[in-house]
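Just so we're on the same page: letters track the sequence lines, and every chain starts at 1.
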Amino acid sequence: MICFCGRKAVYEKAGNALCKEHFIESFEKRVFSTIEEHSLFKDAKSIAVAASGGKDSTVLLYLVKKYTELQKKQHSRNMTLEAIAIDEGIKGYRQETLDFLKSFCKKHLVYLKILSFEEAFGFTLDSAVKKLGRRYGPCTMCGAFRRTLINKAGRGYDVVATGHNLDDEAQGILMNIFKSNTGFLPRLGIRPGAVHHPLFSTRVKPLYFCPEKEVFLYSFLKGFQVPFTECPYAASAYRDIPRRLISELQKHEPLAKEKILAAFLNILPALRVSVEKKEILACSLCREPSAGKVCKACEIKSAFVASGQ
Amino acid sequence: MKVFIEKEKKEKHLVFSGKVSGMLKKLNIDASEALVVREGEVLLDSDEVSGDDEIRVLSVVSGG
């Protein structure tokens with residue numbers, strides 16, 4: 001297929017074929033439009049990107065950096081940008097992506113702050129899985145600790161951008177429906193979190209409308225050399241079920257993901273009304289936000305300690 | 001043709017001539033989760049591959 005400019009296409013969707021240069025231009029335009037139209041960085045003076053060294057957050061970091069530079073050049077607007085990464089302590093997995101992230105940040109002059117489970121909680125994810133793997137799934141533990149650390153670190157910035165893409169969100173919607181976690185649905189969205197509270201950092205998802213394959217294609221065409229690694233616990237992730245289901249649906253409805261997202265965005269305001277009066281508690285142990293008396297991270301940490309060091 | 005499948009970290013020898021979509025089907029790989037590359041150039045599902053081609057099938061899905 002040929003791009004409208006006459007060059008060979010590297011991308012095709014619904015009859016729209018684009019060459020490398022025009023795909024890159026169109027992708028960047030979409031992300032910058034998302035930032036503008038949804039006022040994701042409105043009034044922000046300090047931005048953090050939650051980075052992992054994977055393709056999504058690498059693309060995000062690069063584009064947020066480009067956006068802040070454009071803002072400075074075109075509107076004399078100054079915004080600081082830093083990257084926050086979490087080292088969960090997963091042997092044979094995280095080190096490679098962190099090494100890549102360190103060199104990427106160095107090359108693009110972005111300050112990188114690395115926080116670790118071991119420093120913050122006293123143990124690695126590997127040791128938690130070893131001790132508590134029968135009681136809590138690896139992704140449940142990892143999610144609880146990551147959320148706590150990113151939220152805590154994120155309060156030091158006006159906004160924290162995460163690399164969630166369209167596929168992540170469509171899977172998240174179905175995942176919460178299948179698990180009957182309807183209370184979590186209002187927390188999704190381009191500005192996650194249903195309730196505003198001083199204990200919550202402000203989070204945004206600039207890649208919200210970008211399908212995963214397009215994020216990957218952008219990363220590839222830009223030559224980012226993101227290492228391909230797989231978390232050893234990924235096989236146990238529930239997310240794989242909605243991913244497969246959506247993939248099947250796409251064979252009959254190519255825009256399945258986009259339609260799931262569009263339908264969800266239509267009902268999200270109503271879902272948020274249902275929870276906006278919900279009281280946010282501070283965990284009695286760590287004082288971080290919690291739905292109950294003790295937050296999930298402290299619950300797991302207590303179980304770890306109780307099981308013997 | 002030689003096909004390197006990144007997700008499996010394996011190289012396979014395949015007797016095939018036709019569209020990329022057909023090659024992926026033969027390899028039992030979901031086209032929405034793969035990016036196909038020949039000599040550094042991205043191929044579309046409708047592009048043709050054959051005989052002496054050396055192909056890389058990259059995994060789009062994050063492993064985290």
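The heavy-atom pair separating B/Leu44 from A/Met1 by the smallest distance is CD1-CB, 3.9 Å. What you find for B/Ser32 and A/Gln250 is that their closest heavy atoms are OG-OE1, 4.0 Å. Of all non-hydrogen atoms in B/Val61 and A/Phe228, the two that sit nearest each other are O-CE1, 4.2 Å.
Of the inter-residue distances, the one linking B/Asp30 atom CG with A/Arg243 atom CZ reads 10.5 Å to the nearest 0.5 angstrom.
When the shell of 6.0 Å around NZ of A/Lys259 is examined, it contains 12 or fewer heavy atoms from other residues, nucleotides or ligands. Around atom CD of B/Glu8, more than 12 heavy atoms belonging to other residues, nucleotides or ligands sit under 6.0 Å away. Within a 6.0 Å radius of CZ in B/Arg56, other residues, nucleotides and ligands contribute 12 heavy atoms or fewer. Around atom CD of A/Glu119, no more than 12 heavy atoms belonging to other residues, nucleotides or ligands sit under 6.0 Å away. Within a 6.0 Å radius of NZ in A/Lys13, more than 12 heavy atoms belonging to other residues, nucleotides or ligands are found.
Inspection of non-hydrogen atoms places A/Leu217, A/Phe220, A/Leu221 of residues 217-224 of chain A under 4.5 Å from chain B.
Interface residue A/Asp56: only side-chain heavy atoms are found under 4.5 Å from chain B. The parts of A/Lys213 that come within reach of chain B are both its backbone and its side chain, each placing non-hydrogen atoms under 4.5 angstrom from that chain. In this structure, chain A has heavy atoms under 4.5 Å from both the backbone and the side chain of B/Ser59.
Salt bridge present: B/Lys7 and A/Glu230 bring a charged side-chain N and a carboxylate O closer than 4.0 Å.
Side chains of B/Ser46 and A/Glu12 form no contact here, defined as non-hydrogen atoms less than 4.5 Å apart.
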Full working for salt bridge (Lys or Arg N to Asp or Glu O under 4.0 Å) between A/Lys8 and B/Asp47 | CA-CA 10 Å; A/Lys8 189 196 173 300; B/Asp47 284 326; 2.9 Å; yes
